[in-house]
Each structure stands twice: as C-alpha cells, then as structure tokens.
Amino acid sequence: MRRISIFGATGSIGQNTIDLIAREPDAYDIVALSGGRNVVQLAQDARKLGAQIAVCADETCLAELRELLAGTGIETAAGETALIEAAQRPADWVMSAIVGAAGLAPGLEALKTGATLALANKESMVCAGPLVMQTARAHGAAVLPVDSEHSAVFQALVGEDLAAVERVIITASGGAFRDWPLEQLASATPEQAATHPNWDMGQRITIDSASMFNKALEVIETKEFFDIDPSLIEVVVHPESMIHALVGFNDGALMAHVGPPDMRHAIGYALHHPARRALPVERLDLVKLGALTFRAACETRWPALRLAREVMAEGGLSGAVFNAAKERALDAFIAKRIGFTGMAHVVEQTLNRVSAQNGLIHAGMSLDNVRAVDHLARETADMIMLQN
Ligand code: NAD
Ligand code: MG
C-alpha cells in the first residue's frame with residue numbers, strides 16, 4: 001500500500017486528489033490530511049479515507065475538529081508546528097496543495113523524509129526553487145509538477161535532452177478580464193475577478209489568473225523546475241485552455257500537451273508517475289472543438305508578466321519578495337482596500353524598496369532567509385498600501 005499525505009486537502013487541488021484516491025481505497029494508506037479552517041470537510045475526508053492524522057492550520061478550529069473526529073481513533077492537531085510534524089511522518093507520496101508561501105515548509109519537511117513531492121504549491125518554487133531542488137537531491141526525493149503547464153512541459157520532456165530545448169511556451173487563458181477594455185480594469189471587483197472562464201479553482205489562484213500574477217509565478221516556476229533560461233520561456237494567451245504548454249526543440253518541432261482543463265490529469269500523472277494509468281477525465285473531441293486560438297500576452301494589460309522577468313533577472317530571494325507582496329496585495333484587493341490594477345503597483349513598489357535594502361535579496365537561499373525576506377516584503381507592501 002502506498003502511504004499518502006495531502007496538505008491542503010480541503011482546497012480545490014486537495015479535493016481533486018481525494019477524488020482520484022478514493023476511487024482505489026485499497027491501494028492507498030492515508031497518513032496525514034491537512035486543511036485551513038474548513039474542519040467539517042477535513043473531518044469528513046479523514047473518516048472516509050481512514051487517515052492517521054488530521055491537521056488544521058487554524059488553531060482556533062482544533063476543538064471543533066476534535067469533536068468531529070471523536071471516537072474514530074484519528075489523531076488531530078493544529079497550527080504550523082503540527083503541519084511540520086505531520087509532514088515528517090513517513091509517506092511515499094505527498095501532495096503539496098496549500099495555497100501561498102505557507103506551503104513551503106511542510107513540502108521541504110516531506111522531501112527530507114525522501115517522499116515524492118507532488119507540487120501544486122507553485123509558491124514553493126517561486127520563493128525557494130533552488131532550496132526545494134537541493135533538498136530533494138540531498139534526500140534522494142523526487143519533486144513532480146502538478147501545475148498543469150509544468151506537468152505538460154514535464155511530459156513533453158520525457159526522453160528528451162534539455163540541451164535540445166529551444167523554447168518553452170506556457171499558455172494562459174487570460175482570465176476573467178482578457179476581453180475587457182483596459183480602462184475598465186481599475187474598477188474590476190474581486191467577485192468579477194474570481195470567475196474563471198475555463199478552470200474551476202480556488203478563489204486566490206482564480207483572481208491571480210485574471211491579473212496574470214498566476215502566470216507570472218508560473219514563468220518563474222518553469223525556470224526553477226526545469227532550470228531553463230528565462231529568455232527561452234514564453235507566455236501565450238490561449239482562451240480555450242486546451243493546450244497547457246508546448247516545448248520547442250532545435251529541429252523546429254513543437255511538442256504540445258493537449259487536454260481538457262481538469263486538474264485530475266496533472267494530479268493523476270504525478271500520482272502514477274512514471275506509469276500512465278487510466279484517468280476519469282473527459283476525452284477531447286477535436287472535431288467538436290473545431291479551432292484553437294492564440295493571442296499575444298500584452299504586458300500593458302498584465303504588468304505581472306513584466307515583473308516576473310525583472311524578478312528572474314534579479315535572482316536571489318526576489319521571488320520570495322514578489323510572492324509575499326503579491327499575497328498581501330491580493331488580500332487587500334479581496335478586502336476591497338485596493339483596486340485590481342493597484343495590485344501590480346504595490347508589488348512593483350515593494351520589489352523596488354526591498355531590493356534597495358542592500359544585500360538582503362542576495363543573503364543566500366535558506367528557509368530562514370526566505371522567511372525573513374517574506375516577512376519584510378509583507379510589511380513593506382502593507383506600508384505602501386497605507387501610504388497610497
Ligand atoms: P484553495 O484555496 O482551494 O485551497 C488551499 C488549501 O490550503 C486549503 O486546504 C486551505 O484550507 C489551505 N490553506 C490555506 N491557507 C493556509 C495556511 N496559511 N496554512 C495551511 N493551509 C492553508 O487553493 P487551490 O486552488 O487548491 O490551490 C492550491 C495550490 O495549488 C496553490 O499553490 C495554487 O497556486 C496551486 N494550483 C492550483 C490549481 C487549481 O486548479 N486549483 C492549479 C494549479 C496550481
Ligand atoms: Mg497553472
């Protein structure tokens with residue numbers, strides 16, 4: 001039996017993972033499930049899958065979680081330290097599907113046990129890609145991409161020589177506002193931004209899709225995951241979301257990964273890797289589809305894409321600054337304290353201010369330094385928003 005843990009089990013990726021795992025109850029032994037505050041869902045899944053332990057991130061929810069699981073023999077715990085301890089429990093395959101920088105530490109702990117880490121939490125790669133990869137190498141652990149674009153690139157690279165890669169193209173749906181007139185963007189609301197044309201995802205990543213901060217994070221994730229020069233990474237808008245990424249080789253061939261927008265494909269590929277197993281996803285009818293279209297990704301509409309390039313050029317810990325500032329700006333947008341276009345301004349100003357503080361960004365890649373820079377970037381972003 002494969003031992004499995006799922007961090008962020010109550011979210012969109014977590015629930016899709018559970019959907020796959022619950023279809024083969026005898027194949028898996030569930031070690032840990034974690035959630036944030038939704039303890040009803042967490043307890044229900046922990047019972048259904050017979051988990052060893054259920055952990056909620058929010059300590060104020062622990063009493064309720066305990067009550068919900070009373071008499072089941074399932075252990076319960078809460079808080080950041082409990083998450084780390086749960087990640088230290090031996091498992092064969094661990095899904096990292098917490099949203100935000102909070103996903104980094106549990107993922108690193110899982111890698112230290114030698115577990116295969118299925119990485120949906122792109123923020124881990126953006127904040128600390130070299131640390132994640134180095135931790136995996138040091139413990140003989142594998143990191144497998146779950147982000148659909150990165151799973152697509154990963155699959156297109158099977159059996160290929162990285163030296164023959166000429167370019168990597170990741171696609172973007174363009175999100176909720178791809179057809180809006182530019183001048184209307186400033187007045188877009190969180191409710192409007194949280195409606196995705198193709199994918200059904202968590203609220204935060206859906207808004208990040210509308211602003212293309214999601215794609216900006218993914219460009220950095222591509223660089224870190226595949227060790228690809230940033231100049232070879234392109235973004236193209238593809239409103240149908242059927243092609244997730246393409247890899248171009250030096251003979252002119254472009255290998256595209258085509259499939260319906262269903263995260264269970266990428267999750268299932270990581271779950272069964274290196275095998276391919278039947279998955280309950282829709283099979284595409286190309287004739288019905290008719291046509292696939294592509295547009296340029298305009299950096300005026302989506303300044304996040306330009307910022308991602310600047311972050312990659314700066315290197316060091318600037319990815320952690322970028323992500324933390326983005327998380328704070330997103331919080332403020334959701335709380336209606338800043339407007340939609342204000343998010344990119346806040347992130348850009350935070351990057352400028354923090355990189356002006358000599359040396360910090362290049363202090364070296366460690367979890368402590370990532371945390372320190374993350375903290376500073378959040379404070380700086382908050383200050384900028386107060387001043388504006
Ligand atoms: P979500 O908001 O639906 O779920 C997030 C999960 O993390 C929930 O279980 C939540 O309770 C938990 N959580 C939130 N804050 C936490 C904290 N501070 N500490 C511990 N746990 C916390 O998000 P999602 O859409 O499932 O996305 C999860 C991750 O996967 C993100 O990094 C996202 O970018 C990435 N991803 C998601 C999709 C998708 O289709 N949803 C696709 C590609 C990548
Ligand atoms: Mg993606």
Side-chain angles (χ1 to χ4, degrees), residues 5-19 32-42 45-46 54-59 61 65 77-84 86-87 95-107 117-127 144-154 170-175 194 196 198-209 212-222 225 235 238 241 243-245 257 259-267 269-270 323-324 326-327 330-331 334 374 378:
S5 288
I6 305 172
F7 291 88
T10 58
S12 162
I13 291 287
Q15 291 291 299
N16 276 304
T17 308
I18 289 174
D19 174 83
L33 294 183
S34 95
R37 302 178 49 85
N38 185 354
V39 288
V40 172
Q41 184 70 54
L42 180 62
D45 290 326
V55 185
C56 56
D58 189 327
E59 299 187 35
C61 301
L65 180 64
E80 231 182 293
T81 315
L83 272 177
I84 300 283
M95 169 53 78
S96 166
I98 288 173
V99 63
L104 174 61
L117 188 69
L119 192 70
N121 179 263
K122 62 194 77 185
E123 296 88 346
S124 289
M125 278 301 188
V126 173
C127 297
L144 300 174
V146 172
D147 217 342
S148 55
E149 298 75 5
H150 306 76
S151 176
V153 172
F154 190 70
I170 61 173
T171 61
S173 69
H196 198 282
N198 308 334
W199 293 92
D200 180 15
M201 309 185 285
Q203 179 204 35
R204 299 181 72 85
I205 182 176
T206 305
I207 298 175
D208 284 348
S209 295
M212 285 268 195
F213 268 110
N214 180 51
K215 210 50 55 180
L217 296 176
E218 290 181 355
V219 169
I220 303 172
E221 184 187 8
T222 303
F225 231 116
V235 174
H238 167 45
S241 296
I243 297 184
H244 308 299
H257 183 280
D262 183 336
M263 286 309 294
R264 291 177 305 174
H265 174 75
I267 296 167
Y269 187 79
N323 179 68
K326 191 281 292 178
E327 288 193 28
L330 178 59
D331 291 337
I334 291 171
D374 175 284
R378 282 169 206 265

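We're numbering straight along the sequence, starting at 1. Predicted model, so just to flag it, every value in this text is computed and none were measured. Just so you know, ligand 1 is whichever comes first in the structure, and atom 1 is the first atom listed for that ligand.
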How long is the straight-line distance from CD of Gln203 back to CG of Asp208, given to the nearest 0.5 Å? 10.0 Å
Sub-4.0 Å atoms of ligand 1 with respect to non-hydrogen atoms of Gly35: 11 (O)
Proximal atoms of ligand 1 relative to Ala120 (non-hydrogen, under 4.0 Å): 30 (O), 32 (O), 35 (C), 36 (N), 44 (C)
Shortest non-hydrogen contact between Glu221 and Met125, atoms and distance: CG-CB, 3.9 Å
Has ligand 1 got any nitrogen or oxygen that is less than 3.5 angstrom from a nitrogen or oxygen of Gly11? yes
Where do Val39 and Cys61 come nearest, in terms of heavy atoms and distance? CG1-CB, 3.7 Å
I need the atoms of ligand 1 closer than 4.0 Å to a non-hydrogen atom of Ala97, numbered in the order shown. 5 (C), 6 (C), 7 (O), 28 (C)
For ligand 1, is there an N or O atom under 3.5 Å from any N or O atom of Gly100? no
Does an N or O anywhere in Glu123 fall below 3.5 Å from an N or O of ligand 1? yes
When you measure from the Mg ion (ligand 2) to each N, O or S atom of Asp147, which atom gives the shortest distance? OD1
Around atom CZ of Arg264, are there more than 12 heavy atoms of other residues, nucleotides or ligands at under 6.0 Å? yes
Minimum heavy-atom distance between Val55 and Ala82, given as atom pair plus value: CG1-CB, 3.8 Å
To the nearest 0.5 Å, what is the distance between CG (Asp147) and CG (Asn214)? 6.5 Å
Assess Lys122 for proximity to ligand 1: is some non-hydrogen atom of it under 4.0 Å away? yes
When you measure from the side chain of Asp19 to the backbone of Gln15, do you find a donor-acceptor pair of N or O atoms at a distance under 3.5 Å? no
So, taking the atom named OG in Ser34 and the one named CG in Leu42, what distance separates them when rounded to the nearest 0.5 Å? 7.5 Å
Identity of the N, O or S atom of Glu218 lying closest to the Mg ion (ligand 2): OE2
In terms of atom number and element, which parts of ligand 1 are under 4.0 angstrom from non-hydrogen atoms of Gly202? 3 (O), 25 (O), 41 (N)
Using the rule side-chain hydrogen bond (donor to acceptor under 3.5 Å, both in side chains), only one of His257, His244, Lys215 pairs with Glu149; which is it? Lys215
In this structure, atom 29 (C) of ligand 1 is nearest to the protein heavy atom Ile98 O, 3.6 Å
Give the minimum heavy-atom separation between Ala97 and Gly14, together with the two atoms involved. CB-N, 4.2 Å
Closest non-hydrogen atoms of Leu104 and Ser124, given as atom of the first, atom of the second and distance, are CA-OG, 3.5 Å
Within 4.0 Å of some non-hydrogen atom of Gly36, the atoms of ligand 1 are 10 (C), 11 (O)
Before giving the answer on side-chain hydrogen bond (donor to acceptor under 3.5 Å, both in side chains), spell out for Thr10 and Asn38 the whole-Å C-alpha distance, their side-chain angles and the decisive distance to 0.1 Å. CA-CA 7 Å; Thr10 58; Asn38 185 354; 5.3 Å; no
How close does the nearest protein non-hydrogen atom get to atom 42 (C) of ligand 1, and which residue and atom is it? Met263 CE, 3.6 Å
If you scan protein heavy atoms around atom 19 (N) of ligand 1, the nearest is Ala57 CB, 3.5 Å
Counting heavy atoms only, name the option from Leu33, Ile205, Val99, Val55 that's nearest to atom 14 (C) of ligand 1. Val99
So which heavy atom on Gly174 is nearest to which on Met212, and how close? CA-CE, 3.9 Å
Quick one: which ligand 1 atoms are inside 4.0 Å of a heavy atom on Asn121? 32 (O)
Quick one: which ligand 1 atoms are inside 4.0 Å of a heavy atom on Met201? 39 (C), 40 (O), 41 (N)
Contact between ligand 1 and Asp147 is defined here as a heavy atom of the residue under 4.0 Å from a ligand atom; is it met? yes
Is there at least one pair of N or O atoms, one from Ser12 and one from ligand 1, spaced under 3.5 Å apart? yes
The Mg ion (ligand 2) to Glu149: nearest N/O/S atom name: OE1
Which atoms of ligand 1 are found less than 4.0 Å from any heavy atom of Ala102? 17 (C), 18 (N), 19 (N)
Look at atom 38 (C) of ligand 1 and find which of Thr10, Leu119, Ile13, Asn38 reaches it with the closest heavy atom. Ile13
